[in-house]
S.K.: 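Structure in structure tokens, see below.
Note that the coordinates shown come from a computational prediction; the quantities given were computed from them, not determined experimentally. For reference, positions follow the sequence shown, starting with 1.
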Amino acid sequence: MTVEIALVFTIIAAALYLFSSQKLPLDITAILILITLIAIPQLFHSQWLLDRGVDLEAAFPTLREGLSGLSSTATVTVLAMFILSAGIQRSGLIHVLGKRLFPMVGTSELRMILIIAVLVGLISGFINNTAAVAVAIPLILDMARRLKMQASRLLMPVSFFGMLGGTLTLIGTSTNILASSILAQREDFGRQIGMFEFTHLGLIVLGVGLVYFVTIGRWLMPKKDLVRLGDDEERFVVELGIPADSPLVDETLENRKFALKASIEVLKLVRGDTVHIKRAERVHLRADDIIQVRAELRQVMDLIQSDEVQVLTVSGESHRVRGDGVLVRVLLRNPDRFEDRQARDVGFWDRYNARLIGLQTESLEARHIADERLHVGSIALLEVSRTALSRLRETEDLVVLEESQDDFDHKKMWLAGGIMAAVVLGAALTPLPIVVTALLGVVLMVTTGCVDRDDMYTGVSWPVIFLLAGVIPLGIAMTKSGAADLLAGLLATHAVGWHPIVVLMALYLVTTLLTEIVSNNASVVILVPVAIALGEILQIDMFALVLAVMFAASTSFLTPIGYQTNTMIFGTGLYRFTDFAWVGAPLNLILMVVTSISIWWLWLI
């Protein structure tokens, strides 16, 4: 072992310690790696060392190479994909798809898992899988709460299918993009991996994951949630009108599965002087019927955008909520204004330029919200303009508790989806590389208003970007110093005579274990050069070996800290640390075998 290789291994050991102990944030550790790799040849290269056979400049990245991680096609592509994913998330496309798919579930956990596989698994192949999981989590928690399902048995498939879906395309995870970038730098490979070049392998992996969860995985998942999934979200009683052109006219709420699709609770149906409570969902609706429901704030926002109903208000000249204001929760505190007065007599519009939408209560005592008697301490839901909100804060009659604006821009939903599809198809069907089509997609997202300037920056996971910028030079040092060749030679010494499937399984296992200690991107940077060198020694196609590293790093199930999506669901408090190993270890072992055999069959025969 040369001095140069020993120094590189020392840096790797220090990096592994800092990554695993998390004494410093991952991105700060990556930047320290970058600085160290650049500084060593700048500070210590000398003629004295050259005379003794130690060439630090030849073994470590130059200044340009050290900073190449910031301008790497991998880093720029991942940056662009974060912005594109923010556009998809902001449009509400995933939320809408979820709300249309989940009513098919009924009360079946098995069907719920199938829907999760379709929604999260397939979408994660085309947008950042972390963003797909982030949007799916509140949807799943809401479904679990309303259907009295065990949330911990649903969220783990969400995370796992997010990872499995990320293996479908080149842009599914930053790991794929990074590995492709490293491989493209090899003259004997000399190209970017195609957008759908390994999709058939990803579909096999996703299919295995689905079979696992509908068979073995269901029996291994937690038997109970660590914390009770309560009804913590505030719920408001609101009134919905049925316009004459509504598709609900002459239909029943039960047949249309309206409550299930809207994630609400129907309280009563009011038709003139007639009130239906028990039969509310079985009565055929007519124009101008009023449905009284209980809904959370997110559901109220969705109802405001609905074409089937109108969210009604008792304030102002218009009886329909405008949908272009801000929703605010307010605490009523002036007894002279509110105590024992009917809501219609308060004059919310005349006095505060606010429309009363709903009241936070289990049910109303009166037939309509307008007739309900208010009390000091009651919480109301109002819609106000931004200008009126500033005045509302100044009044002493009530206290503004919280303001909420619909984060989803439904008008841009299909436009954002079309731009994302154009990015994928552009990279797949034209000579343009994915980094170019992704950047063009960002420009289109911004110019069409799907993403504003704030989303361009807040939508990016900057720790991941700096992590990539820091660890890419480490891969360069692995190659230039000969460290990758040394590790590959040591592995090849034992692997001589092994069947290619066994070699693939060994590489897969090493990558899986390393990914649980460090980040998936760091493990790819360390092991892809080793895989390439190993392929040259054993005369095995380097692309096949790199695929084993990519797929192993992208499917890290053993701990809640091995992958971002696992960390997100672990943060709900529903799981023990060991739950992930209990469910994930068998799946990792199965995938190690299936992925290795599939790679051998598809690329090495």
Side-chain angles (χ1 to χ4, degrees), residues 18-27 29 85 89 94 98 109 112-113 116-117 119-121 123-124 128-145 149-167 173-175 209 212-213 216-230 232-233 461 463-464 467 512-523 552-589 591:
L18 290 174
F19 280 137
S20 59
S21 65
Q22 298 189 30
K23 290 184 178 296
L24 294 174
L26 297 183
D27 48 339
T29 298
S85 297
Q89 189 169 351
I94 302 175
E109 181 183 271
M112 176 71 95
I113 291 174
I116 290 171
L119 178 67
V120 180
I123 288 177
S124 293
N128 180 270
N129 55 2
T130 305
V133 170
V135 175
I137 286 175
L139 283 173
I140 299 297
L141 287 175
D142 178 62
M143 290 293 293
R145 182 167 49 242
M149 289 183 175
Q150 188 180 319
S152 58
R153 296 178 62 84
L154 302 177
L155 285 185
M156 191 170 285
V158 169
S159 176
F160 283 21
F161 280 118
M163 285 185 263
L164 294 169
T167 65
T173 70
S174 58
T175 307
Y212 175 80
F213 270 108
I216 304 171
R218 292 182 66 196
W219 303 107
L220 296 178
M221 282 194 289
K223 297 297 185 287
K224 64 178 181 178
D225 297 339
L226 274 188
V227 295
R228 182 176 177 273
L229 189 64
D232 298 330
E233 187 77 24
S461 178
V464 172
L467 178 64
T512 297
L513 296 177
L514 184 61
T515 302
E516 297 299 339
I517 300 172
V518 300
S519 74
N520 53 334
N521 290 315
S523 64
S554 297
T555 51
S556 180
F557 308 124
L558 295 178
T559 72
I561 60 175
Y563 204 87
Q564 284 176 312
T565 57
N566 277 359
T567 305
M568 290 165 64
I569 66 166
F570 184 65
T572 61
L574 296 171
Y575 298 97
R576 297 178 180 86
F577 192 95
T578 53
D579 286 338
F580 291 85
W582 186 250
V583 180
L587 181 56
N588 266 132
L589 290 173
L591 287 178

S.K.: Ignoring hydrogens and angles, state whether a donor on the side chain of Asn520 or Thr515 is under 3.5 Å from an acceptor on the partner side chain.
M.R.: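 There is no such pair (donor and acceptor under 3.5 Å, judged by atom type) between the side chains of Asn520 and Thr515.
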S.K.: Do Asp579 and Ser152 come close enough that some side-chain heavy atom pair is under 4.5 Å?
M.R.: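 The answer is no; the side chains never approach within 4.5 Å.
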S.K.: Should the pair Phe577 and Phe570 be assigned to parallel (<30°), tilted (30 to 60°) or perpendicular (>60°) ring geometry?
M.R.: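 The rings of Phe577 and Phe570 stand perpendicular, inter-plane angle above 60°.
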S.K.: What are the two closest non-hydrogen atoms of Leu558 and Gly584, and how far apart are they?
M.R.: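 That closest heavy-atom pairing would be CD2-C, 4.1 Å.
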S.K.: Do Met112 and Pro157 come close enough that some side-chain heavy atom pair is under 4.5 Å?
M.R.: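 Contact flag for Met112/Pro157 side chains = no.
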S.K.: Is the ring centre of Phe160 less than 6.0 Å from the ring centre of Tyr212?
M.R.: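 So the answer is no for these two rings.
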S.K.: Hey, does Thr512 have a side-chain heavy atom less than 4.5 Å from the side chain of Phe557?
M.R.: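 Phe557 vs Thr512: side chains apart.
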S.K.: Write down the atom of Val120, the atom of Val158, and the distance for their closest heavy-atom approach.
M.R.: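 Heavy atoms of Val120 and Val158 come nearest at CG1-O, 3.6 Å.
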S.K.: Between Ser124 and Phe161, is there a side-chain heavy-atom distance shorter than 4.5 Å?
M.R.: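 A side-chain contact under 4.5 Å is absent here.
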S.K.: Please give me the minimum heavy-atom distance between Ser159 and Asn566, naming the atom from each residue.
M.R.: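 Closest heavy-atom pair between Ser159 and Asn566: OG-OD1, 2.5 Å.
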S.K.: Shortest non-hydrogen contact from Ser554 to Thr167?
M.R.: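 Nearest heavy atoms, Ser554 then Thr167: CB-CG2, 4.0 Å.
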S.K.: May I ask you to decide if Thr555's main-chain N or O and Asn588's side chain share a donor-acceptor pair within less than 3.5 Å?
M.R.: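 Side chain of Asn588 to backbone of Thr555, a donor-acceptor pair under 3.5 Å: yes, one is there.
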S.K.: Can you tell me how far CD1 of Ile140 sits from CE of Met156, rounded to the nearest 0.5 angstrom?
M.R.: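 Rounded to the nearest 0.5 Å, the CE-CD1 separation comes out at 14.0 Å.
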S.K.: Would you name the heavy atoms of Tyr575 and Ala151 that are closest together and state the gap between them?
M.R.: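 Looking at all heavy atoms of both residues, the shortest contact is OH-O, 4.1 Å.
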S.K.: Could you state the interatomic distance from CD1 (Ile569) to CG (Leu155), rounded to the nearest 0.5 Å?
M.R.: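 The distance works out to 6.0 Å.
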S.K.: Using side-chain heavy atoms (C-beta onward) and a distance below 4.5 Å, is Leu154 in contact with Glu109?
M.R.: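 Side chain of Leu154 against side chain of Glu109, heavy atoms only: contact under 4.5 Å found.
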S.K.: So, taking the atom named CG in Leu220 and the one named CZ in Arg153, what distance separates them when rounded to the nearest 0.5 Å?
M.R.: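 With rounding to 0.5 Å, CG (Leu220) is 9.5 Å from CZ (Arg153).
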S.K.: Taking all non-hydrogen atoms of both residues, which atom of Gly162 and which atom of Val133 are closest, and how far apart?
M.R.: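 Taking Gly162 first and Val133 second, the nearest heavy atoms are CA-CG2, 4.1 Å.
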S.K.: Check whether more than 12 heavy atoms from other residues, nucleotides or ligands sit under 6.0 Å from atom NZ of Lys224, and answer yes or no.
M.R.: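 Count not over threshold, so no.
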S.K.: Quick one: pull up CE in Met163 and OG1 in Thr175 and give me the separation to the nearest 0.5 Å.
M.R.: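 Rounded to the nearest 0.5 Å, the CE-OG1 separation comes out at 11.0 Å.
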S.K.: Does any N or O in the side chain of Ser556 come within less than 3.5 Å of the main-chain N or O of Ala553, such that one atom is a donor and the other an acceptor?
M.R.: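 Not a single qualifying donor-acceptor pair exists.
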